[in-house]
**Q** 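Structure provided below as structure tokens; questions to follow.
It should be emphasised that the depicted structure is a prediction, and the values quoted were computed from it without experimental measurement. Naming: A, B, ... by sequence-line order, numbering from 1 per chain.
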Amino acid sequence: MPPQTRRASFPKVVIERETDSEESSSDEEEEIDEEGEAEDDVVEDEEVKATANDEEEKKLVVKKKTAITISLKKVCKVCKRTGHEAGFKGATYVDCPMKPCFLCKLPGHTTMTCPHRVATEYGVVPAPRRNTHNSLDYVFERQLRPQIPKMKPEFIIPDQVNCAVIRYHSRRVTCLEFHPTNNNILLSGDKKGQLGVWDFGKVYEKTVYGDIHDCILNNMKLNPRNDGTVYTGSSDGTASCTDLETGISSSLMNLNPNGWQGPSTWRMLYGLDINSEKGVVLVADNFGYLYTVDMRSNNVTGEPILIHKKGSKVVGLHCNPLQPDLLLSCGNDHFARIWDMRRLETGSSLHDLPHKRVVNSAYFSPLSGSKILTTSQDNRLRVWDSIFGSLDSPSREIVHSHDFNRHLTAFRAEWDPKDPSESLVVIGRYISENYNGTALHPIDFIDISTGQLVAEIMDPNITTISPVNKLHPCDDILASGSSRSLFIWRPKEKYEMEKPKDEKKIVLCGKAEKKSKRKSGDESDCDSDNDAFNTKGKNVKSKKPYLESTSKSKAKSSKKH
DNA sequence: AAAGTATGCCGCC
DNA sequence: TGGCGGCCCTACTT
């Protein structure tokens, strides 16, 4: 058998060329070269075939005959077909037409022409003026209705960035909480397990506690009995109670006392809420279990209870604000569940609310506790108008873009705790909009009684997605977490006078410094932050703080093509 | 400046 | 039913 060259033993290579190519001349030269080589391969292949006699060689030939096709035609990155291409055209994303609509998940159209994108209220039946009442509902109505104004007030939307900390955290923000009594304190958790305490009234007064948790801080809640402490739950499997002044924390529980034994046994804490009437902190893990911690002893009481599908993550817990016996949970088993705290047993849920995909969050309404709002990965917000009425199906499903692939904190629709009608909700949007030539991801305010988009807010400086949002309990303030940064939004008209005159309202950080059990935030601290930023050298100018002057250049530079 | 990667769920077999 | 490959608009860093 004659010695074979390396090339001859290589399968036939076919290079397809785009006939209507608009490539430059140099590109075409390259293509011609490659094609020439490909033709050589074909010739040598045939020579080998001619000399192939025995079985083995024939098999070899069959193998060699399997052509590898290298296509130089432009191909859609989603479906790999030619003739179209998914991706950004300027600042507008063009969907692959071969796939169902990325927004509503139905086939036949793309996001661009999706009726739900054109109008968020599309297909939503507004809340009836009167619900069909049962006797329980009447009791509720009689007790609460006098406190609820008849007229729906006009919504006040915080739509302008008032102050911010850029790159405050060293990893993406996972949760936000306003301090209930100290109006200017915002707490933030991140993927690294760090806890930020930011006084956005003084802007530079910010602390990061770095050694409370080892990884993702999934949820936190301030202690209503002692608002100087916060409870946190983490993927490191521990729950902690931390003093906000000192950063000193005490561990409530550790689900992995024997350390790392592999991913199948490592327990993580996700859902967390406080039931102050009962004096307990409730936490839930990634295996479907609920744990109860006594707030006085800081000890776990009773046995863990399986409340979602075994082995599935319980991502959210919420105690009813008015009825201490009612608990709402949601998880990766595609369910939200209502429980009676007095009868917490596996399978004893009062109601199971099904979803098509993972439920990112489930909340009772903040004032009456009688409505339920859920955010599911199937790109739908679901609303149940009354927990005393029928819960067989949601009162409304509102299509909204918050289904994401990976790498982002899960979107959660959050109630406006100040809205007496309990209908205003805020949630970040995943898909971008072409905003004056820049792809931006707005934060949406939605009236969940009608499905209407009340407002979409954005800032040309914020080109990243803002999945974490929280509305202030008493002021017209929105806090949003986007990647590693925090933003405070206020209503434009209300605060037009005090537009950020001084750049100090925007604090730039480098990588968030590790600070532990130490309160910082004095002048030296802010200096060090600026230093950290300045070490970035050339970036200083382009990322110079704020707002109008630098916004356009930065927005353009981040535009995708 | 292109390539790498952290990362979570879904669906397939 | 479990393990594994594979993802449609990320946000960085090297």
**Q** Calculate the interatomic distance between His169(A) atom NE2 and dT10(C) atom C1'; express it in whole Å.
**A**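 Roughly 18 Å, once rounded to whole Å.
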**Q** Choose from dA6(B), dC8(C), dT10(C) the nucleotide whose nearest atom is closest to any side-chain atom of Ile465(A).
**A**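 For the Ile465(A) side chain, the nearest candidate turns out to be dT10(C).
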**Q** dG8(B) P sits how many Å from Asp403(A) CG, rounded?
**A**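 Atom CG in Asp403(A) sits about 16 Å away from atom P in dG8(B).
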**Q** Which listed nucleotide (dC7(C), dT13(C), dC10(B)) is nearest to the side chain of His334(A)?
**A**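 Of dC7(C), dT13(C), dC10(B), dC10(B) is nearest to the side chain of His334(A).
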**Q** Rounded to whole Å, please give me the gap between CD1 in Ile462(A) and P in dT10(C).
**A**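 One finds 17 Å between P of dT10(C) and CD1 of Ile462(A), rounded.
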**Q** Determine: side-chain N/O of Ser401(A) to OP1/OP2 of dC9(C), distance under 4.0 Å, yes or no.
**A**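 Result: no.
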**Q** How many Å lie between CD on Gln377(A) and P on dC9(C), as a whole number?
**A**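 Distance check: Gln377(A) CD to dC9(C) P gives 13 Å.
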**Q** Which whole number of Å gives the distance between the P atom of dC12(B) and that of dC8(C)?
**A**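 Taking atom P in both dC12(B) and dC8(C), they lie 13 Å apart.
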**Q** Is there a side-chain contact between Ile448(A) and Ile398(A) (heavy atoms, below 4.5 Å)?
**A**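 Result yes, sub-4.5 Å side-chain heavy-atom pair found.
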**Q** Below 4.0 angstrom from OP1 or OP2 of dT13(C), is there any side-chain N or O of Arg484(A)?
**A**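 Looking at the OP1 and OP2 atoms of dT13(C), one of them is under 4.0 Å from a side-chain N or O of Arg484(A).
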**Q** Find the distance Leu408(A):CG to dT5(B):C1' and express it as a whole number of Å.
**A**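 After rounding, the reported distance stands at 15 Å.
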**Q** Starting from P on dA11(C), measure out to CZ on Phe88(A) and report it in whole angstrom.
**A**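 Atom-to-atom, Phe88(A) to dA11(C), this comes out as 10 Å.
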**Q** Can you check whether any acceptor in the base of dA11(C) is under 3.5 Å from a donor in the side chain of His407(A), or vice versa?
**A**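 When only heavy-atom distances are counted, His407(A) does not reach the base of dA11(C) through any donor-acceptor pair under 3.5 Å.
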**Q** What I want to check is whether the side chains of Thr174(A) and Asn218(A) have a donor and an acceptor closer together than 3.5 Å.
**A**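 No - no donor-acceptor pair under 3.5 Å links their side chains.
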**Q** In terms of side-chain heavy atoms of Lys313(A), which of dC9(B), dC12(C), dC8(C) is nearest?
**A**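 Nearest to the side chain of Lys313(A) among the choices is dC9(B).
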**Q** What is the nucleic acid contact for Pro97(A), judged by heavy atoms within less than 4.0 Å: base, sugar-phosphate only, or nothing?
**A**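 Pro97(A): no heavy atom of the nucleic acid under 4.0 Å.
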**Q** Lys309(A) NZ to dC10(B) P: how many Å, rounded?
**A**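 My rounded result for the distance is 10 Å.
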**Q** Give me the distance, rounded to whole Å, that separates dT13(C) from dT7(B) when you measure between the C1' atoms they each carry.
**A**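 dT13(C) and dT7(B) have their C1' atoms separated by 16 Å.
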**Q** Under 6.0 Å from the CD atom of Gln261(A), do we count more than 12 heavy atoms belonging to anything else shown?
**A**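 It does: Gln261(A) CD has more than 12 such atoms within range.
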**Q** Check for me whether the distance between the ring centres of His472(A) and Phe178(A) falls short of 6.0 Å.
**A**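 Between Phe178(A) and His472(A), which both carry aromatic rings, the centre distance is below 6.0 Å.
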**Q** Just to be sure I understand the rule, does Tyr430(A) reach a base, reach only the sugar-phosphate, or reach nothing, if contact means heavy atoms closer than 4.0 Å?
**A**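 Sugar-phosphate contact only - Tyr430(A) comes under 4.0 Å of backbone atoms but never of a base.
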**Q** Is the shortest side-chain N/O distance from Lys77(A) to OP1 or OP2 of dC9(C) below 4.0 Å?
**A**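 No.
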**Q** State the CZ-CD distance between Arg396(A) and Glu121(A), to the nearest 0.5 angstrom.
**A**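 If I round to the nearest 0.5 Å, the distance is 12.5 Å.
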**Q** State which residues pass ring-ring contact (aromatic ring centres under 6.0 Å, His included) with Tyr363(A); sequence neighbours excluded, sorted by chain then number.
**A**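 Here the qualifying residues are His318(A).
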**Q** Identify whether any heavy atom of Ser432(A) sits under 4.0 Å from a base atom; if not, whether one sits that close to sugar-phosphate; answer base, sugar-phosphate or nothing.
**A**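 Base contact.
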**Q** Is Asn405(A) close enough to dC9(B) that one of its side-chain N or O atoms is under 4.0 Å from OP1 or OP2 there?
**A**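 Indeed not, no polar side-chain atom of Asn405(A) lies that close.
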**Q** Starting at the 5' end of DNA chain B, which residue's closest nucleotide do you reach first, Arg172(A) or Val358(A)?
**A**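 Final value for this comparison: Arg172(A).
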**Q** Using atom CG of Asn286(A) as one end and atom C1' of dT7(B) as the other, report the distance to the nearest whole Å.
**A**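 Nearest whole value for this atom pair: 15 Å.
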**Q** Arg406(A) side chain N/O closer than 4.0 Å to the phosphate oxygens (OP1, OP2) of dT10(C)?
**A**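 Negative; the distance criterion is not met.
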